[in-house]
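By convention in this document, chain letters (A, B, ...) are assigned in the order of the sequence lines, proteins followed by strands, and residues within each chain are numbered from 1. All figures in this text were calculated on a predicted structure; none of them were measured in a lab.
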Amino acid sequence: MTVVNLQYYAQLREQAGVGSEQVSTAATSLRELYDELRVRRGFSLAADALKVAVNAQFSAWDRPLRDGDTIVFIPPVAGG
Amino acid sequence: MMRFSLSSDAVDTAGLHAALQHPGSGGFCAFEGWVRNSNDGREVDGLEYEAYAELALAEGERILDEAIARYGVTDARCVHRSGHLKVGELAVWVGVSAAHRDEAFRACRYIIDEIKHRLPIWKKEHYLTGESNWVACTHVYREHEHEHHHHHQHAVPFTPDYSRQLRLREVGEAGQVRLAAARVLVIGAGGLGCPVLSYLAGAGVGTLGIVDGDRLDASNLHRQTLYDARDIGERKVDLAARRIAALNPAVTVRTWTEPLHASNAVEVFGQFDLVVECTDDMRSRYLSSDAAVLSGTPLILASVYQYEGQLQVVAAQPDAPCLRCLWPQEPAPEAVSSCVQSGVLGPVPGVLGTMQAMEALKLLLGLPHPAGHALLLVNLLDFTIQHLPIDPAEGCALHGGCVAVARDALARSLGDDDIELSFERLEDAIAAGFRLIDLREPDEVAAEPLHELPAQHIPSAQVVARAGELPGGRILLICASGRRSGHAARLLRAQGLHQVHSLAGGLRASLRERESG
């Protein structure tokens, strides 16, 4: 199991009901982790509609997870 | 007695003349201002005067009182037109009667100079090309300022005072000259656009373009600080142009009353040095990114969601990332939500718009700028700002580069330019042979039913998957604003359904037509 810190923005924050959380996961890549969260948190957006950043750098979805990673899922927003 | 008046009809000069006849007057002098057919080398078709009537009447009266007291004339009258005027029409009439001709001439001159300078009346010129501009009177020569035996406290012309920013070593006179020469286009005069326009006008940016198709709604006022309660129902571009003219008359304002589209965006961007994207519309944001890349015009994007925002500068240079480098495809409107659906606190677009204004001034003045390209995530609840560097090699570069990607996207939009159709009444669409597909959610349909109109209901998120259920022939997709229906129509077209259209502006637009009609 890997322990990672998650941060949510915009509609993901709203749907999760929290801005951040720490999770322990069996997922091996960012994509697997997001799919897992999507089921648990009921996120409406597919991974392809999002950007993901790890430790303040944008990242590819197939990146493996490491203990202590800070992961941010970022949807595009349009309000003005 | 009121000597000054505003008139929306032709001026009765004979009546005014008669009112000024007085046994003690040995002279009468009048001035007439007419609409001429050109200004600044552009052919003018006509113009439009908008007055802040309450203030204009009080100020006009004060000017006439001043003229009478100052020159000792018998009486004076002035009428200023409002509304639409054609070339050759009388725009302003001034008449003075006095014991002797000299004071009549001088009082007449004083009145017209002060009227032009002080009255809150804005002039919009309509050009033969179909464009129009709000024209600010930047500096008016006033003869009486050069009369040495009189001093008058009102006779100080307004010249912008940029001393507080000139004092910055990085700005200085050279920076001010750069700002005065700069042309900045602001797309969207809402929550983000208000601070952008205010700060850029205040800083003395020479030309500001404003694009907005909306009229002011009461629900805008908690975040759109250029406007007030008396403005509701008016076009935002006109209101914003008026506010800018009042804030800094040295700024030239150009307005577009319809959103830009695939066929004109690149050309319009080319007329500006910098574009600031301030709409709440995802489609506009993608179009702006494409137009910035193709015209080589830098673009400052920002958007907000509830208590947070995003900011990205598209430098529009080779190897600099665009919006599509982050999110290649425009997301479906129902996936991104909006201020209407999700809510927003007023200061959130205020802060992000202020950051856009700051970025704009940094770019125009060549101020120090972080190296590299980044997406900024701003959270105003916990005051964190995340600075995420964007690697251009991971974006459009994988699909042929930003220019090729933008060109393809624009070509697709142009091919879809017959998607949007306007109907004053949905009955007209049915009569024209369209089958209606209502894409709204069940609760929206329940709140605003279409009543007796025949329509099939398929929520927008399902319509592509359920394309097989669509009837043959011409189809009109409808939703509340036209955004979901427009997006769905483009997706269905991409699947070969070429007879699919979208109701432009959605039910909100046809409802408004009904109310105003």
Side-chain angles (χ1 to χ4, degrees), chain A residues 4-23 29-31 33-66 68-80, chain B residues 187-193 223-224 277-286 302-310 323 325-344 348-349 352-353 374-375 377 379 381-382 384 386-391 394-395 461 483:
Chain A
V4 294
N5 304 303
L6 303 178
Q7 289 180 8
Y8 300 121
Y9 276 87
Q11 53 268 64
L12 296 184
R13 176 180 49 73
E14 204 185 356
Q15 287 168 2
V18 294
S20 62
E21 63 178 333
Q22 190 172 65
V23 299
S29 71
L30 290 166
R31 187 178 294 278
L33 171 65
Y34 183 74
D35 288 343
E36 189 183 295
L37 292 166
R38 217 181 152 191
V39 174
R40 187 156 64 82
R41 290 295 194 180
F43 294 144
S44 60
L45 288 164
D48 290 339
L50 304 175
K51 287 297 284 182
V52 59
V54 182
N55 305 330
Q57 300 288 332
F58 283 119
S59 174
W61 283 98
D62 55 6
R63 184 187 188 281
L65 300 183
R66 294 187 198 102
D69 278 346
T70 295
I71 299 165
V72 190
F73 298 108
I74 310 149
V77 302
Chain B
I187 304 180
L192 293 164
R223 67 187 186 284
Q224 303 186 11
E277 165 64 57
C278 301
T279 68
D280 59 354
D281 180 9
M282 203 45 103
R283 190 161 166 68
S284 174
R285 299 163 53 70
Y286 276 82
S303 54
V304 298
Y305 190 91
Q306 295 188 334
Y307 307 104
E308 59 198 81
Q310 299 177 351
L323 179 63
C325 287
L326 291 176
W327 297 283
Q329 296 301 327
E330 182 192 332
E334 57 271 14
V336 290
S337 195
S338 68
C339 296
V340 180
Q341 293 148 347
S342 315
V344 66
V348 178
L352 269 293
L375 176 72
L377 302 180
N379 182 330
L381 285 179
D382 60 15
T384 55
Q386 287 218 42
H387 193 264
L388 298 170
I390 305 169
D391 180 0
E394 293 296 316
R483 282 185 192 168

Chain B contact via A/I74 - side chain, backbone, both or neither, heavy atoms under 4.5 Å: both
So what's closer than 4.5 Å to chain B heavy atoms on A/A10: side chain, backbone, both or neither?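 A/A10 touches chain B through backbone and side-chain heavy atoms alike.
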Top of [options] for chain A proximity - count of heavy-atom pairs under 4.5 angstrom:
options	answer
B/L323, B/T279, B/L326	B/L326
B/A302, B/S303, B/P328	B/S303
B/L377, B/D281, B/L352, B/V348	B/L377

Say you draw a straight line from [atom1] of [X] to [atom2] of [Y]; how long is it, rounded to the nearest 0.5 Å?
X	Y	atom1	atom2	result
A/E14	B/Y305	CD	OH	3.5 Å
B/L375	A/K51	CG	NZ	9.5 Å
B/Q306	A/R13	CD	CZ	5.0 Å

Do the side chains of B/L388 and A/V72 get nearer than 4.5 Å, heavy atoms only?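 Heavy-atom side-chain distance check fails, nothing below 4.5 Å.
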Portion of B/I390 that has a non-hydrogen atom of chain A nearer than 4.5 angstrom: both
Closest-packed option against chain B by number of heavy-atom pairs under 4.5 Å, given A/S44, A/P75, A/G19: A/P75
Above 12 or not: heavy atoms from other molecules or residues under 6.0 Å from CD of B/Q329? no
Non-hydrogen atoms of A/A56 and B/P389 that approach each other most closely: O-CD, 3.4 Å
Could you verify whether a donor N or O on one side chain and an acceptor N or O on the other, from B/Q310 and A/Y9, lie under 3.5 Å apart? no
